[in-house]
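Please read all numbers here as calculations on a predicted model, not as lab measurements.
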Amino acid sequence: MAESKYLTLSDESSKNGQISLAPEVIEIIAGITAEQVQGVHLVNSSFSKGVSALLGLVSGTSGIKLTEDDRGLVIEVNVVLDFGISVPQTAAKLQEKIKQQILFMTEIVINEVNIEVDGMLPEETNSSIDPDDIFAEKDGEEK
C-alpha cells in the first residue's frame, strides 16, 4: 500500500473520531486465518521456513501481501500445502475464509485473494529404526 500508510474505516455513525488501520493489520488477519485452515502453512511461518529453504524458496515477506490497484484491495497469499489435499478446494476455502474474516473484523471489502502454492509437504513416514542405535543389527527389519 504505497499511496497511504493507513486504511481509514468509513463509519459515519462514529462521532468520536476516525479509525485507521495499518495495512499490516489486514495482512496479519489474513495470515492467522490462512494458518487455521487444515493442511495450509504460510511460506514464512516458522514451520514453513525450513521447508521453503529445503525447496530453495526464499521469501523475505510474511507470505501475505496487501496491494491496491484498479480492482480495489488485493491480497496475495503464499502457502505450502500438505500432500494429499485438494489444491483447488483448499485454495477456494482460503479465499472465502480470508475475505469473510477481514470483512467481519474490519468491515473492509477485499476484492481479490490470490493464492500462490509454493510447494507441497510430503507425508510423514514412520521409521522403525531406533534413533539411539542406528547401527543395530535389525536395521529396521523384523527378523
Quick one: are Val37 and Lys97 in side-chain contact, heavy atoms under 4.5 Å?
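Sidechains of Lys97 and Val37: in contact.
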
Distance from [X] atom [atom1] to [Y] atom [atom2], nearest 0.5 Å?
X      : Y     : atom1 : atom2 : result
Leu42  : Ile64 : CG    : CD1   : 5.0 Å
Glu35  : Leu94 : CD    : CG    : 10.5 Å
Leu121 : Asp82 : CG    : CG    : 5.5 Å
Asn111 : Leu73 : CG    : CG    : 6.5 Å
Thr67  : Glu76 : OG1   : CD    : 5.5 Å

Is there a path of hydrophobic side-chain contacts, each under 4.5 Å between heavy atoms, that joins Ile98 and Val117?
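Yes; Val117 is reachable from Ile98 via cluster members.
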
Joint cluster assignment, Ile108 & Val74, ILVMFWY side-chain distance < 4.5 Å:
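Looking at the clustering, Val74 is in a separate group from Ile108.
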
Residues in side chain to side chain contact (heavy atoms under 4.5 Å, CB included) contact with Gln100, at least two apart in sequence or another chain:
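Expected list: Glu96.
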
Listed by chain and number, what are the side chain to side chain contact (heavy atoms under 4.5 Å, CB included) partners of Ala92, not counting sequence neighbours?
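Side chain to side chain contact (heavy atoms under 4.5 Å, CB included) list for Ala92, sorted by chain: Gln95.
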
So which atom in [X] and which in [Y] form the shortest heavy-atom distance, rounded to 0.1 Å?
X      : Y     : answer
Val113 : Lys99 : CG2-CG, 3.7 Å
Ile85  : Gln38 : CD1-O, 4.4 Å
Leu81  : Val79 : CD2-CG2, 4.0 Å

Would you tabulate the side-chain donor-acceptor contacts of residues 22-34 under 3.5 Å, counting partners in other chains and residues two or more places apart, or write 'none'?
residue	atom	partner	partner atom	Å
Glu27	OE2	Leu66	N	3.1
Thr33	OG1	Ile29	O	2.7

For Val109, which fellow cluster members are found when Ile, Leu, Val, Met, Phe, Trp and Tyr are connected by side-chain heavy-atom distances below 4.5 angstrom, either directly or through intermediates?
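When side chains under 4.5 Å apart are linked, the cluster holding Val109 also contains Leu103.
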
Residues in side-chain hydrogen bond (donor to acceptor under 3.5 Å, both in side chains) contact with Glu112, at least two apart in sequence or another chain:
Arg71, Asn114

